[in-house]
Every structure is written in C-alpha cells, then in structure tokens.
Amino acid sequence: MYKPFIRNHQYNFMKKQADLLQNTLRTNADLKVLESVKYSVQSKIVDLFPDVPDSEKAMLGSISTVEKAEDFQAYLRQFVPYVSEFPAITEKQIQKLFPKNKKLKVPDLSAIDYRYITYLSWVDISTNKLFLVYHQNGQFVGIEGKYTLTSKKNFCFLCNRFEELVLFSAVSKTRPAKSSPDYYKSVGNYLCMDSQACNKNITDTLALEKFIAAVVG
C-alpha cells in the first residue's frame, strides 16, 4: 500500500533535478563535475522529505545511480503512486470561499487531475476576474482579483518560468491599526496566463504563500 507523501510542486522539483543531472551527463565529461552534480541532486531531493522512512529515502537517493534517459523516466515514474492529490473540493465549497459572487462560474472539477495541481485557478472573462484556491493549514483559501493581459512574456512569480503572463491584482483584506475607513491596498504580481502550465512548472510554494498572506493576512 503506497502512502502518498510527495506534493505536486515537490514532484516538479524532482523532475527539474533529474533533467539537470541528465543534461550534465550528456554534456560534461569531467568526472569531478559529474560527481558534484550527482551529490547535489541527490541531496536536494532527499532533503525535501526529512520524515519519510528509510526505504523511501533509498528510492529517492537512487537518482545518483541513474545514467540513461529511459532510466530517468523510470526513476520518476516509480514515484507517481506517491504523489498526493490536491484535496478534493466541491462547487459548493468554492462558492463559500467567494460569497459575494452570486453568479460565480466554477470550472469543471471532474476534468482536473488533482495529483498535478498545487493551486486551482481560473478566469471569468465576463467579469475580468481571476480566482485562485489553495489548501493551507488544513483549510481552503480563496483569492479573487482583477487580471490584466500583458503583451510580453516574462517570469511568473510562482513558477519562475518565462511565460505569457497576466497581472493579477487583489485587494488586501489586512489593514494597519488605526487606519482610516477609506484605507485601500492592492496586492499584485505577474502570474502565468495558463494555470495548468504553471502547475506543471512550480517547484516551491513560498511565493504563493507570501502572496496569500499579503492579501488575507
């Protein structure tokens, strides 16, 4: 019985490290460089999961022995059963996250492979809004804001990949002590226009969690 322990962004990180090692093996003949990269990749992957049993640590650490392209794919495939799904969420749960949106348009939740998402996001063209749902500390958090299309590619603040972006701006719910009733603060950043691609690339949740904290406190 497999016990899932790998989150989507961690699995993406493992894939990125595997690609780094594979590329190094293909392009560098210096044994010292190869050994250094192998050690670095192995350490970074194993250190992601300090609390897993030794058997899983041994599986994770076996990346240092892989050399052929097909073996890299096999290494990654063996961890697919260990990838934990984004917690199941219903349309009613999503609607409760955005109570002011009486006509909220929710995406087709049955079409989502929850193993491979770190956050759920969609746009409503009719209202020019972007909605984002994340699971943190045992509960769902919802953020909505305006999105503005950009004309150039740049780096997404979540996945750090060079992609087509939108400017996502949300009104902060936090306010300084003794602030005036008219106090208003907008929190914005550049986000992948294609959330599916972003979820395939994201390797860390720190930027996402900082953004959420800036909006909801």
Aromatic contact between F157 and F168, with the criterion being ring centroids under 6.0 Å apart: yes or no?
no

For the rings on Y119 and Y134, is their centre-to-centre separation under 6.0 Å?
no

Please check this pair: side chain of K57 against backbone of D47, looking for a donor-acceptor N/O pair closer than 3.5 Å.
no

Check the side chains of E85 and Y116 for a donor-acceptor pair under 3.5 angstrom, ignoring hydrogens and angles.
no

Are F131 and F98, when compared by the centres of their aromatic rings, separated by less than 6.0 Å?
yes

Distance-only side-chain donor-acceptor flag, N8 / T118, under 3.5 Å:
yes

Run the salt bridge (Lys or Arg N to Asp or Glu O under 4.0 Å) check on K129 and E144 step by step: do they pass?
CA-CA 7 Å; K129 283 189 174 183; E144 65 176 287; 2.8 Å; yes

Is there side-chain contact between F140 and K96, with heavy atoms separated by less than 4.5 Å?
no

Got a salt bridge between E70 and R77, using NZ or NE/NH1/NH2 to carboxylate O under 4.0 Å?
no

Hey, does the side chain of S43 reach the backbone of S40 with a donor-acceptor pair shorter than 3.5 angstrom?
no

Residues D30 and K32 bridged, charged N to O under 4.0 Å
no

Check whether N12 reaches the backbone of N199 with its side chain - one donor and one acceptor, N or O, closer than 3.5 Å.
yes

